[in-house]
Protein chains: 2
Amino acid sequence: MGARHRSNPLALAVLALLYEQPMHPYEMATTMRDRRKEDSIKLNYGSLYSVVQSLEKRALIQARETGRDGRRPERTVYEITAGGGVELLDWLSELVSVPAKDFTDFEAALSLLGCLRPEEAVHLLEERAVRLEQELAQAEALRRHESMAKLDRLFYIEWEYRLALRRTELIFVKDLIRDIGDGSIAGLEHWRAFHADH
Amino acid sequence: MGARHRSNPLALAVLALLYEQPMHPYEMATTMRDRRKEDSIKLNYGSLYSVVQSLEKRALIQARETGRDGRRPERTVYEITAGGGVELLDWLSELVSVPAKDFTDFEAALSLLGCLRPEEAVHLLEERAVRLEQELAQAEALRRHESMAKLDRLFYIEWEYRLALRRTELIFVKDLIRDIGDGSIAGLEHWRAFHADH
DNA sequence: CCCCCCTTACTCGACTTCGAGTATTTCGAG
DNA sequence: CTCGAAATACTCGAAGTCGAGTAAGGGGGG
């Protein structure tokens, strides 16, 4: 399969949209926005057009018609090919069944926490905790909102997943604040020593 | 500050290493490997050299000496500048204090789960659950290993963070399997209907 | 003492990503 | 009916990403 090319999830999203029905690129963008997919899949105008182009070159999608509506700029409508359908299901199956390592910003920051003084670190972690609590409170409010309450759960599983992770993150951050604050974290002396020199 | 340029965490890692002591690029790579930083920060040979170049252009680091050891290829040793130190602390502070949205592969996959048939989805999620359990078991084993037991906790917080997230993910996946399996997930009819047409 | 392979250190160019910029068209207020 | 604002549909080039490729030194087996 085209496993070499499976880096950009936007390509997956394009295949998924065309799996439902043919579309032109701009419509893909608006559809993704309407369905809140931009929250879970990074969407960029510039990327979209080159991703579509690259999918066409690999024969996973093909141009269907290059019609024009009135005197508007030309729209190229694309449809998925048989190969594209196979690639979609194969790729999606892989993403679901094998847990990939993903590099998050906070993980990177934690691994370099030693560059900050302990007190500074605690202070910044407290800020993060506050912001996480706000985010979670907002999410709770949104969930109770009527427009959300009527939506099938299938359409917001990814949202629940993200919330579950955020809740865990909040607990982790609070524990960490406690352990640095009361000096119970192992290695605190080395940490202080490094900053004493600097 | 240079907030426009804060996309690649590898640049942050380079600043952090040079904050400790001057180094040449290849040494950065090996040091990161020795300290297991490659687990939490994506390291690529090609990227490293262009990242270093870009940091130099922005005067956050500077070449110190271009010595050579015997007749080996030239090594350029870099050191951090005053501006580089400021940028490091500022950037790191931001990453710690404000929770950023990160786009993970699994979240993208979940948002497109409708493309798979329900039974297929359950099957693949079960595979993921098994793999997650294996990963967690391996991590537990590693933690009990002597080389790990002696290490200061400060040096593997990022590892604990990742494990906490993975544990939450496992619970989430198991719950999801249950809810799709026993038909209690809202919207299952629409899901089946879509695949009946196809 | 010579050959092969591993490590060291870096280069290269094909490919992607990004977001600001452009040009047209519709819509609504006045 | 006309002017401007928003929406539509796309383009462009600068910058970044990637990993295979290269080339030279060191070291150990025959």
Side-chain angles (χ1 to χ4, degrees), chain A residues 2-14 17 22-34 38 41-58 60-61 63-78 100-103 105 108, chain B residues 2-14 17 22-34 38 41-58 60-61 63-78 100-103 105 108:
Chain A
R4 289 288 113 64
H5 295 270
R6 285 178 191 171
S7 59
N8 188 355
L10 183 54
L12 185 75
V14 168
L17 285 175
M23 254 182 227
H24 54 98
Y26 191 80
E27 197 182 348
M28 298 174 199
T30 48
T31 307
M32 286 185 69
R33 227 161 263 167
D34 291 348
E38 22 150 27
I41 300 171
K42 207 167 186 177
L43 170 61
N44 268 298
Y45 265 106
S47 302
L48 181 60
Y49 286 89
S50 32
V51 159
V52 163
Q53 215 170 36
S54 138
L55 287 174
E56 191 182 16
K57 204 176 356 182
R58 294 166 55 206
L60 301 177
I61 66 176
R64 193 195 207 182
E65 46 180 328
T66 309
R68 61 172 59 210
D69 224 3
R71 241 166 289 147
R72 293 260 210 82
E74 225 172 45
R75 307 165 319 174
T76 311
V77 175
Y78 291 90
K101 165 95 205 69
D102 23 44
F103 296 89
D105 282 355
Chain B
R4 291 288 112 64
H5 295 270
R6 285 179 191 171
S7 61
N8 188 354
L10 183 53
L12 185 75
V14 167
L17 284 176
M23 255 183 225
H24 54 98
Y26 191 81
E27 198 183 347
M28 298 175 200
T30 46
T31 307
M32 287 185 70
R33 226 162 265 166
D34 290 348
E38 23 149 26
I41 300 172
K42 206 167 187 178
L43 170 60
N44 267 299
Y45 266 103
S47 302
L48 181 60
Y49 286 89
S50 32
V51 159
V52 164
Q53 216 169 34
S54 137
L55 287 174
E56 191 182 16
K57 208 181 342 185
R58 293 167 55 207
L60 300 177
I61 66 175
R64 192 193 208 183
E65 47 181 326
T66 309
R68 62 173 56 210
D69 225 4
R71 238 165 292 149
R72 294 260 210 84
E74 225 172 46
R75 306 165 320 175
T76 311
V77 175
Y78 292 90
K101 164 96 203 70
D102 22 44
F103 297 89
D105 283 356

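Note that the coordinates shown come from a computational prediction; the quantities given were computed from them, not determined experimentally.
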Rounded to whole Å, how long is the line connecting atom [atom1] of [X] with atom [atom2] of [N]?
| X | N | atom1 | atom2 | answer |
| --- | --- | --- | --- | --- |
| A:His24 | D:dT8 | NE2 | P | 10 Å |
| B:Met28 | C:dT8 | CE | P | 16 Å |
| B:Arg6 | C:dC18 | CZ | P | 18 Å |
| B:Gln53 | D:dT17 | CD | P | 13 Å |

Open item on the list: For C:dC10 and B:Tyr49 - does any side-chain N or O of the residue sit under 4.0 Å from the phosphate oxygens OP1/OP2?
Closed with: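 Result: yes.
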
Task: C:dT8 phosphate, OP1 or OP2, under 4.0 Å from B:Tyr26 side-chain N/O - done: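 Answer is yes, contact under 4.0 Å.
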
Once side chain to side chain contact (heavy atoms under 4.5 Å, CB included) is applied, do any residues pair with [X], and if so which ones, sequence neighbours excluded?
| X | answer |
| --- | --- |
| B:Ser47 | B:Leu10, B:Asn44 |
| B:Ser50 | none |
| B:Arg58 | B:His5, B:Ser54, B:Leu55, B:Leu60, B:Glu87 |

Enumerate the protein-to-nucleotides 14-17 of chain C contacts in which both atoms are nitrogen or oxygen and the separation is below 3.5 Å.
{"residue": "C:dT17", "atom": "OP1", "partner": "A:Asn8", "partner atom": "ND2", "Å": "3.3"}
{"residue": "C:dT17", "atom": "OP2", "partner": "A:Asn8", "partner atom": "ND2", "Å": "3.0"}

- [ ] Quick one: list whatever passes salt bridge (Lys or Arg N to Asp or Glu O under 4.0 Å) with B:Lys101, sequence neighbours left out.
- [x]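 Listed in chain order: B:Glu107.
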
TODO: Please name all residues satisfying salt bridge (Lys or Arg N to Asp or Glu O under 4.0 Å) with A:Lys57, sequence neighbours left out, ordered by chain then number.
DONE: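 Checked A:Lys57 against salt bridge (Lys or Arg N to Asp or Glu O under 4.0 Å); zero matches.
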
TODO: Select one nucleotide: of D:dC18, D:dT8, C:dC10, the one nearest the side-chain heavy atoms of B:Lys42.
DONE: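 When the side chain of B:Lys42 is considered, D:dC18 is the closest of D:dC18, D:dT8, C:dC10.
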
